[in-house]
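For reference, positions follow the sequence shown, starting with 1. From a predicted model like this one, the values you see are computed outputs, not experimental measurements. All values below come from the heavy atoms of this structure, side chains included, with hydrogens, waters and symmetry mates left out.
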Amino acid sequence: MTTLWGGRFTGPTDEQMWAFNASIGFDIRLAQVDIRGSIAYAKALERAGLLSAEERAALVGGLERIAQEFAEGAFALAPSDEDIHTAVERRLGELVGPVAGKLHTGRSRNDQVATDIRLFLLEELPKLGEMVRHLQHALVEKAAAHLDALMPGYTHLQPAQPARFSHWLLSYFWMLERDQERLREIVRRAAVCPLGAGALAGNAYGIDREALARDLGFAGVTENSMDAVSDRDAVLETLFWGALVGVHLSRLAEDLILWSNPQFHFVRLAERYTTGSSLMPQKRNPDSMELVRAKAGRLVGNLVKLLTVVKGLPSTYDKDLQEDKEPLFDTVDTLAMALPITAGVIETLEVDVEAMRAALDDTLLATDLADYLVKKGVPFRQAHHLVGQAVRLAEEHGVALRGLPLEALQGISSAFGADVLAALSFEGSVEARDVTGGTARRAVEEQIHRARERLAAS
Ligand code: ARG
């Protein structure tokens, strides 16, 4: 087997070792970006006087043809193709002859693969951002459509205070908005070109790195060749980003799984996002959301995988870094499924406003009862305590909070007046919280307005 690096070897690589070492099985996915990098590098070599115009044209022509072969699924792998870089170079030799041997002048697979990965990120991250945006859009529009649906808001998964369903939907919009912000930062930092860093020490042929970087659409060049060939921060940040998006999606999924349970029945997932049971004929399971919940584990795992690989690596490039690609591809692919599925679930979600309303019970108004006393001049701490007594009394009598006779309330505190009943309602409760970020209709409308502004600006 002929390898790129065979000169100093006397015999073949162990067969198992060859398979263990090869990355073509997965880095073939970098074919197009690898070829783009090579085309730009051939032009840089010409500018540096290392290739004639004819040689450059031959190389670029050959590379374009290889790109075409990959695009058509016509590229034939050879047993000697260790990774995507060697596969392309091998094929280039077949197509254009010995001049192919000039392409790698001053370049190493170390700066080449670092460049490929960044080009891959710059291509894929905006697509993921677009998918997040689509989900955000679905959340905002659903919120706008259900402004008046009230439901119990929970803390500790225990009924806490009345809230608008739309407010709950929008809470996920803002999580995802922070993810969008983070994504822009990752893209910004990823947009520097490592090509010209060589194996670790830089390029000895006077390559114009800035022009090369511009040619490839990068915003700048890496500052240190030793760092450049081993820096996988952009990959790690992407994996962290994916993990956090996954965690956000998993929480949304969990809420919907719970609320689609018939005992809640607040929402119903569209049939197309559920599946049945092979044994129990009545079942309609929220598998879409269960899988989204589970994918978070996978996404977190990908992050931990690569962090663990990079930890303690001696500078600069080490073969360990070859392990960066599979978790990266998996995170990208996992999100590319989970995000549109979640958006689809939200878009098609049926909302049972009546069931939500039926779940509102008077204990959710306990805080409002305390607020009532505060308005009558009772210090909040004391009001809290007094309402606690009222809640206990109602429990003892088996009545709702608003079912307690005025005399009973006045037995607890003389601050309770005849106007107390009128002060207690679910609408009144959400409307009272008329601050930015609160549950009042006006506040939620303002939130929707700002959310739409963000979407329009991105
Ligand atoms: N397949 C390798 C990777 O993915 C390419 C770089 C190999 N460099 C080397 N010095 N062996 O990391």
Taking atom types as modelled, is there a side-chain donor on [X] or [Y] under 3.5 Å from an acceptor on the other?
X      : Y      : result
Gln68  : Glu72  : yes
Ser458 : Arg184 : no
Thr275 : Asn285 : no
Asp111 : Tyr317 : no
Trp174 : Gln447 : yes
Asp255 : Trp168 : yes
Arg452 : His449 : no
Gln136 : Gln180 : yes
Glu141 : His146 : no

When you check the gap from the basic side-chain N to the acidic O, do [X] and [Y] get nearer than 4.0 Å?
X      : Y      : value
Glu46  : Lys43  : no
Arg433 : Asp371 : yes
Arg441 : Asp148 : yes
Asp81  : Arg90  : yes
Asp333 : Lys295 : no
Arg133 : Glu177 : no
Asp27  : Lys325 : no
Glu254 : Arg251 : no

Under the criterion side chain to side chain contact (heavy atoms under 4.5 Å, CB included), which of [options] is the partner of [X]?
X      : options                : value
Val33  : Ile117, Leu119, Ile84  : Leu119
Ser277 : Lys283, Gln282, Arg284 : Lys283
Phe120 : Val332, Asp34, Thr115  : Val332

Is there a side-chain contact between [X] and [Y] in this structure, where contact means two heavy atoms from C-beta onward sitting under 4.5 Å apart?
X      : Y      : answer
Leu95  : Arg91  : yes
Thr348 : Arg272 : yes
Ser38  : Arg107 : yes
Thr331 : Leu335 : yes
Ile346 : Leu256 : yes
Ser230 : Leu321 : yes
Leu212 : Ile207 : yes
Ile39  : Asp215 : no

Salt bridge (charged side-chain N to carboxylate O under 4.0 Å, His left out) for Arg189 and Asp233? Distances and angles first, verdict last.
CA-CA 9 Å; Arg189 276 190 291 276; Asp233 289 1; over 6 Å; no
Before giving the answer on side chain to side chain donor-acceptor pair (under 3.5 Å), spell out for His137 and Glu347 the whole-Å C-alpha distance, their side-chain angles and the decisive distance to 0.1 Å.
CA-CA 9 Å; His137 183 81; Glu347 275 163 357; over 6 Å; no
Quick one: does NZ or CZ of Arg118 land under 6.0 Å from the six-membered ring centre of Phe218, within 45 degrees of the ring axis?
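Output no; distance or angle outside limits.
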Angle between ring planes, Tyr154 versus Phe264, binned at 30° and 60°: parallel, tilted or perpendicular?
perpendicular
Between Trp259 and Phe266, what is the ring plane arrangement, given parallel below 30°, perpendicular above 60°, and tilted in between?
tilted
Assess the residue pair Val245 and Leu339 against the criterion (side chain to side chain contact (heavy atoms under 4.5 Å, CB included)); give the C-alpha distance rounded to whole Å, side-chain angles, the decisive distance to 0.1 Å, and a yes or no.
CA-CA 9 Å; Val245 170; Leu339 284 164; 4.1 Å; yes
After noting the C-alpha distance and the side-chain angles of Thr238 and Ile186, does the key distance pass the side chain to side chain contact (heavy atoms under 4.5 Å, CB included) rule?
CA-CA 7 Å; Thr238 299; Ile186 297 170; 3.8 Å; yes
Should Thr86 and Arg109 be marked as a side chain to side chain donor-acceptor pair (under 3.5 Å) after you check the CA-CA gap, both sets of side-chain angles, and the distance that decides it?
CA-CA 9 Å; Thr86 51; Arg109 279 183 292 165; 5.2 Å; no
Evaluate Lys127 against Glu130 for salt bridge (charged side-chain N to carboxylate O under 4.0 Å, His left out), listing each step before the verdict.
CA-CA 5 Å; Lys127 291 188 208 161; Glu130 204 36 58; over 6 Å; no
State the CZ-CG distance between Arg293 and Leu249, to the nearest 0.5 angstrom.
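It comes to 13.0 Å.
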Please evaluate residues Glu185 and Arg188 with respect to the criterion salt bridge (charged side-chain N to carboxylate O under 4.0 Å, His left out), reporting the C-alpha separation (whole Å), side-chain torsions for both, the decisive distance (0.1 Å), and the verdict.
CA-CA 5 Å; Glu185 282 299 297; Arg188 189 177 63 76; 2.9 Å; yes
Walk me through it: do Arg268 and Asp352 pass the test salt bridge (charged side-chain N to carboxylate O under 4.0 Å, His left out)?
CA-CA 8 Å; Arg268 227 167 113 88; Asp352 191 334; over 6 Å; no
